[in-house]
Amino acid sequence: MRFWKMLGIVLIFGLMPLRASAQASDVDRMVERIVAQEKAEMQMLRQYSPLVETYIQLLRLDPTLGPQPAGDKYFLGKAQLARGVALESFSDEQAAGPVRRKVDRVTDMFSFEFLPGGFLQMIYVDLNGFSQQNYRFDYVRREFLGDVRCLVFDVTPKASAGKGRFMGRIWVEDQDFHIVRFNGAYNGSSRTDFYFHFDSWRILAGPQQWLPAYVYSEEGQVKYAVTRKLTFKSQTRLWGYNVGRAKQEQELGKIMVEASLPVKDQAESDSDYSPLEAQRLWDLQAEDNVLDRMEGLGLLAPRGEVDKVLETVVNNLEVTNNLNIEPDVRCRVLTTSTLESFAVGNTIVVSRGLIDVLPDEASLATLLAHELAHIVLGHRIDTQYAFFDRMLFDEKDTFHHFGFRRTPEEEEAAATKGAELLKNSPYKDQLATPLLFIQALQNRVKEIPNLISPHLGDPLPDNWAANASATASGDSTPVAAPAPANPQDKSIAALPLGGRVKMDPWNDELTMLKTKPVAIMSERDKMPFEVTPFIPHLTRGDQMRSVEAAPAVGTQSSANVGDVSDSSVSQK
């Protein structure tokens, strides 16, 4: 009997190394698939040239409110992923700088420069060395990111891998082993070049296509001089992967059916156009040319759900003021984060970033009333845009070629007329919040100058809310700004960036965020105009597309993996 017991014990302990070996072999096979899939992903991305926007807020510590904006930087350009992390800037004033730049000597101990190419590089785990030879992979657990079940690995570069490797944690969807998130930093920072911590997300845009869409970066107390420290938060967004191709592909894919009855190929009316009608059609042609070109560049979202929300508010203003505008007023959304709005003919354009931070419908109505006033007052579009050859320009010159700024006289007239429109609107008794919004914006003007600097239109007028409130109350005297907010006041003057709209990075379609109400516990929770982390809700979707991307408050942790050629900031 004792013999058989001893034999059983020997067999049990003898099988344990085999089981451990089998588990290790399973992990090795998974790692092999992950590495192979990532290399295929990088090769696939070379065919795309998405738009890239990086917005950085420098921070200072406030004893009561915590980290607060103390300056900002903004970059907008087009990535050339076929050439690694090459960028073409949309503006000469925001030169992207060389992608591979190293500072050989420090010429100024008290300055630094952010390199946009370094932030773009955060879409890759490792540009040229993601392999089992360079990294150690440690399996952690299974975890859901939204509706997508993932395998979680900690990835650490080996001692022989060299500098610039990614150190962090990766999340791998468990069907085809695509990396959908990675969180950490590249190693190898020096006294003049820094690699920052970041949290990078990919969104499913089609079969086997998890595309980089969101990167959040944050650093605190980075020493860049003897006594100086750098603290910041940043958001990098990518979109427009299929820009300019989706509409043409859809039209080419339509099935043409022969009608059983003769086709009517004549217009309903055979009368000529009057001079006024001809002028309106000419204006409309200029308007359509501009909108089509901007949509083709990825700077204007295609018509969709958000446009309808804006047009509903405009319709409320028109109906209550007995306006009959021809052609009908349309609304479109600029895809950038800068806070701006303008009118292009009879189309009101509002930036995604501005929609994000507006706190309520009354604030939106106040803004739209101002732009609607430009249309009512007959402030026309430059009809030179009606000539098609004027649409043939290099996309990086867009902001030099287009411009929809108004004269000071036109702006003042629109502010007065917009206030009259609001006086008769359903929003006339809800104008306290727009005043709070403008006050909050004025309080941050010095801290976020790049966010409030428009690309195409005028800066947000600081008098439209005050004029509207004064006119609605029947008082001609200027309205004083509200008193500073009580610390116990839970009212929201402005939302953080990304508070209302989400964008599909593949086709640029916009939808409204569907978030649960969150209790405001203190002033710190309000975060007006501030950068927050991205926490997308990943889904595979009925059409293999995920567009859920709601920025949320959270912390990011550091971990391990990758080989890079550029840091995100250089001291100079």
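No hydrogens, no waters, no symmetry mates; every other heavy atom, side chains included, goes into these values.
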What I want to check is whether the side chains of Arg181 and Ser200 have a donor and an acceptor closer together than 3.5 Å.
no

When you measure from the side chain of Glu173 to the backbone N and O of Asp176, does any donor-acceptor pair fall under 3.5 Å?
yes

How far does CG of Leu211 sit from CG of Leu204, to the nearest 0.5 angstrom?
8.0 Å

Sub-3.5 Å donor-acceptor pair from the side chain of Glu509 to the main-chain atoms of Gly304, do we have one?
no

So how far is it from Ile179 CD1 to Cys150 SG, rounded to the nearest 0.5 Å?
11.0 Å

Using a 3.5 Å distance criterion without hydrogens, assess whether the side chain of Trp239 forms a donor-acceptor pair with backbone atoms of Ala213.
no

State the CG-OG1 distance between Leu51 and Thr335, to the nearest 0.5 angstrom.
6.5 Å

Return yes if some donor-acceptor pair links the side-chain N/O of Asp397 with the main-chain N/O of His400 below 3.5 Å, else return no.
no

Which class fits the ring pair Tyr139 and Phe153: parallel under 30°, tilted 30 to 60°, perpendicular over 60°?
perpendicular

Asp147/Arg540 ion pair, N-O < 4.0 Å
no

Decide whether His178 and Glu41 meet the rule of one side-chain donor and one side-chain acceptor closer than 3.5 Å.
yes

Is there a donor-acceptor contact under 3.5 Å linking the side chains of Asn507 and Asn242?
no

Exercise: do Tyr55 and Glu53 side chains pair donor with acceptor under 3.5 Å:
no

Between Arg500 and Asp356, is there a salt bridge with N-O shorter than 4.0 Å?
no

Considering all heavy atoms, the nearest Tyr216-Ser234 contact:
CD1-O, 3.3 Å

Beyond-backbone contact of Val148 with Thr539, side-chain heavy atoms, under 4.5 angstrom
no

Test item: Leu58 and Leu230 side chains (from C-beta on) under 4.5 Å apart, heavy atoms:
yes

For residues Gly77 and Leu87, report the shortest heavy-atom separation together with the two atoms involved.
C-CD2, 4.5 Å

Flag the pair Thr156 / Arg136 as yes when at least one side-chain heavy-atom distance between them is below 4.5 Å, and no otherwise.
yes

What is the distance from atom CE of Met503 to atom CZ of Arg352, rounded to the nearest 0.5 Å?
5.0 Å

Atom pair CG (Asp508) and CG (Leu297), whose distance is rounded to the nearest 0.5 Å:
11.0 Å

Contact summary for Leu451 and Asp72, nearest pair of heavy atoms:
N-OD2, 3.0 Å

Mind telling me whether Phe137 and Phe130 have parallel, tilted or perpendicular rings, with 30° and 60° as the class edges?
perpendicular

Tell me if the centroids of the rings in Tyr186 and Phe198 come within less than 6.0 Å of each other.
yes

Ser217 and Thr236, any side-chain heavy atoms less than 4.5 Å apart
no

Report yes if some heavy atom in the side chain of Arg303 is under 4.5 Å from a heavy atom in the side chain of Arg330; otherwise report no.
yes

How long is the span from the NZ atom in Lys396 to the OG atom in Ser89, to the nearest 0.5 Å?
10.0 Å

Any chance you could lay out the side chain to side chain contact (heavy atoms under 4.5 Å, CB included) test for Val350 and Val333, step after step, and finish with the verdict?
CA-CA 5 Å; Val350 185; Val333 181; 5.8 Å; no

Report yes if the side chains of Thr54 and Pro116 come closer than 4.5 Å at any heavy-atom pair, otherwise no.
no

In terms of side-chain geometry, is the basic nitrogen of Glu295 or Arg332 positioned less than 4.0 Å from the acidic oxygen of its partner?
yes

Tell me yes or no: between the side chains of Glu340 and His455, is some donor less than 3.5 Å from an acceptor?
no

State whether the side chain of Glu447 and the backbone N or O of Leu59 hold a donor-acceptor pair below 3.5 Å, judged by distance alone.
no

Non-hydrogen atoms of Ile203 and Pro505 that approach each other most closely
CB-CG, 4.1 Å

Looking at Gln37 and Ile34, would you say the former's side chain and the latter's main chain have a donor-acceptor pair under 3.5 Å?
no

Could Arg33 and Asp28 be called an ion pair, given the rule that one side-chain N must be under 4.0 Å from one carboxylate O?
no

For Arg444, is there an ion pair with Glu530 - N to carboxylate O distance below 4.0 angstrom?
yes

Work out which heavy atom in Pro69 is nearest to a heavy atom in Ile448; give both atom names and the distance.
CB-CG2, 4.2 Å

Do Glu143 and Val152 have side-chain heavy atoms sitting under 4.5 Å apart?
yes

Please determine if Arg293 forms a cation-pi arrangement with Phe402, meaning its NZ or CZ atom is less than 6.0 Å from the six-membered ring centre and no more than 45° off the ring axis.
no

Is there a side-chain contact between Val52 and Val85 (heavy atoms, below 4.5 Å)?
no

Test side chain to side chain contact (heavy atoms under 4.5 Å, CB included) on Thr398 and Phe90; report intermediate values, then the result.
CA-CA 7 Å; Thr398 300; Phe90 265 79; 3.8 Å; yes

Cut-off 3.5 Å, side chains only: do Ser351 and Thr338 have a donor facing an acceptor?
no

Assess the residue pair Leu65 and Lys526 against the criterion (side chain to side chain contact (heavy atoms under 4.5 Å, CB included)); give the C-alpha distance rounded to whole Å, side-chain angles, the decisive distance to 0.1 Å, and a yes or no.
CA-CA 10 Å; Leu65 301 177; Lys526 295 182 179 181; over 6 Å; no

Hey, are Arg202 and Glu38 close enough for a salt bridge, meaning a charged N less than 4.0 Å from a carboxylate O?
yes

Would you please test Thr511 and Val501 for side chain to side chain contact (heavy atoms under 4.5 Å, CB included) and show each step?
CA-CA 6 Å; Thr511 52; Val501 179; over 6 Å; no

Tell me if a side-chain donor or acceptor on Tyr241 pairs with a main-chain N or O of Pro212 at a distance below 3.5 Å.
yes

What heavy-atom pair brings Leu127 and Met42 nearest, and what distance separates the two atoms?
O-CE, 3.0 Å

According to the interplanar angle, ranging from 0 to 90°, do the rings of Tyr48 and Trp506 count as parallel (below 30°), tilted (30 to 60°) or perpendicular (above 60°)?
perpendicular

Kindly assign one of parallel, tilted or perpendicular to the pair Phe232 and Phe114, based on the angle between their ring planes and the thresholds 30° and 60°.
perpendicular

